[in-house]
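Reviewing the structure listed below.
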Amino acid sequence: MSNNIILPAIGLVLLTFIVGLFHTIASTDLMRKNKSWEKSGIPIEPYKDAPLYLKLMKNNISNLFEFPVLFYFLIAIIIYFNIANSFLVICSWMYLVLRVAHSIWHLCFTDTNIRGAIWLFSQTVLFLMFVGSIYFLLS
């Protein structure tokens with residue numbers, strides 16, 4: 001069972017790399033188009049004048065290093081204490097699916113109501129995973 005729970009964590013790492021790659025490609029493309037950046041280098045605050053799509057990518061990368069840290073911690077605890085079970089595995093897969101959906105919505109659309117709802121559901125799953133981990137750890 002513990003082998004199954006590591007896969008969503010690997011998936012979330014992969015998602016972070018993919019979003020980071022898209023961000024790097026978009027930033028590089030923007031630097032090529034903005035000739036002033038060629039001579040002086042990238043400004044300290046390049047995002048204030050950046051296009052919306054680049055700001056959204058940067059924000060999404062930041063999001064992928066906020067609450068998912070708790071997810072990685074829970075996965076490590078679950079594996080270390082060998083408490084993986086169906087409930088925790090299902091929660092971990094749900095969390096991954098919701099984070100992928102959140103990233104897609106964040107990068108492709110500007111409707112924060114739907115993105116916020118996806119985020120709230122992912123946080124609820126993460127909290128249930130936390131409570132479940134504590135319960136199975138103390139049982």
Side-chain angles (χ1 to χ4, degrees):
M1 188 70 65
S2 64
N3 289 341
N4 294 337
I5 203 153
I6 194 76
L7 294 176
I10 292 169
L12 196 53
V13 170
L14 184 60
L15 173 66
T16 305
F17 276 123
I18 291 169
V19 173
L21 178 63
F22 285 147
H23 178 263
T24 301
I25 291 167
S27 295
T28 304
D29 185 51
L30 187 62
M31 284 179 4
R32 272 191 234 125
K33 290 177 183 173
N34 189 337
K35 296 299 179 188
S36 66
W37 286 10
E38 269 185 355
K39 293 178 185 171
S40 62
I42 300 171
I44 294 172
E45 297 276 340
Y47 294 101
K48 70 176 182 161
D49 297 324
L52 179 60
Y53 70 88
L54 195 59
K55 290 177 183 178
L56 292 174
M57 284 183 202
K58 180 66 174 173
N59 288 344
N60 191 246
I61 289 170
S62 294
N63 289 167
L64 289 169
F65 284 98
E66 292 170 352
F67 280 96
V69 170
L70 299 176
F71 174 73
Y72 298 128
F73 172 75
L74 288 173
I75 295 294
I77 293 296
I78 291 165
I79 291 171
Y80 181 79
F81 288 104
N82 196 26
I83 57 171
N85 58 41
S86 297
F87 175 77
L88 295 174
V89 170
I90 290 168
C91 282
S92 66
W93 279 105
M94 286 176 59
Y95 188 74
L96 172 62
V97 167
L98 288 165
R99 292 308 306 193
V100 168
H102 179 267
S103 287
I104 290 169
W105 199 268
H106 199 163
L107 298 174
C108 299
F109 307 100
T110 56
D111 186 339
T112 55
N113 291 324
I114 293 174
R115 190 176 83 219
I118 296 169
W119 181 85
L120 185 59
F121 286 128
S122 74
Q123 295 309 98
T124 302
V125 169
L126 186 61
F127 181 73
L128 290 173
M129 202 172 154
F130 170 73
V131 171
S133 297
I134 298 299
Y135 175 80
F136 294 117
L137 193 60
L138 298 177
S139 300

Measure the shortest side-chain to side-chain distance between [X] and [Y] over non-hydrogen atoms and say whether it is less than 4.5 angstrom.
X      : Y      : result
Asp111 : Trp105 : yes
Phe65  : Thr16  : yes
Phe71  : Leu96  : no
Ile78  : Met129 : yes
Leu128 : Val131 : no
Leu70  : Phe130 : no
Phe136 : Phe81  : no

Please lay out, stage by stage, how His106 and Trp119 fare under the test side chain to side chain contact (heavy atoms under 4.5 Å, CB included). CA-CA 10 Å; His106 199 163; Trp119 181 85; over 6 Å; no
I need the minimum non-hydrogen distance between [X] and [Y], along with the two atoms involved.
X      : Y     : value
Ala9   : Tyr72 : O-CE2, 3.7 Å
Lys58  : His23 : N-CD2, 3.9 Å
Leu126 : Tyr95 : CB-CE1, 3.8 Å
Gly132 : Leu88 : C-CD2, 4.0 Å
Val19  : Met57 : CG1-O, 4.2 Å

Any chance [atom1] of [X] has more than 12 other-residue heavy atoms, nucleotides or ligands included, within less than 6.0 Å?
X      : atom1 : answer
Tyr135 : OH    : no
Phe17  : CZ    : no
Phe121 : CZ    : no
Phe87  : CZ    : yes

Hey, does the side chain of Ser27 reach the backbone of Thr24 with a donor-acceptor pair shorter than 3.5 angstrom?
no
_Treating Ser92 as the side-chain partner and Val89 as the backbone partner, does any N or O pair qualify as donor plus acceptor under 3.5 Å?_
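At least one qualifying donor-acceptor pair exists.
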When rounded to the nearest 0.5 Å, the distance separating CG of Leu98 from OG of Ser103 is 11.0 Å
Treating Ile, Leu, Val, Met, Phe, Trp and Tyr as nodes and any side-chain heavy-atom pair under 4.5 angstrom as an edge, say whether Phe127 and Leu137 lie in one connected cluster.
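Both belong to a single hydrophobic cluster.
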### Query
Does one hydrophobic cluster hold both Tyr80 and Ile5, with members joined at side-chain heavy-atom distances below 4.5 Å?
yes
*In this structure, which one of Leu64, Ile114, Asn60, Val97 forms a side-chain contact (heavy atoms from CB on, under 4.5 Å) with His102?*
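Output: one option passes, namely Asn60.
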Applying side chain to side chain contact (heavy atoms under 4.5 Å, CB included), run through Val100 and Leu12 and close with a yes or a no. CA-CA 8 Å; Val100 168; Leu12 196 53; over 6 Å; no
- [ ] Evaluate the criterion side chain to side chain contact (heavy atoms under 4.5 Å, CB included) for residue pair Trp93 and Leu7; output intermediate values, then yes/no.
- [x] CA-CA 8 Å; Trp93 279 105; Leu7 294 176; 3.6 Å; yes
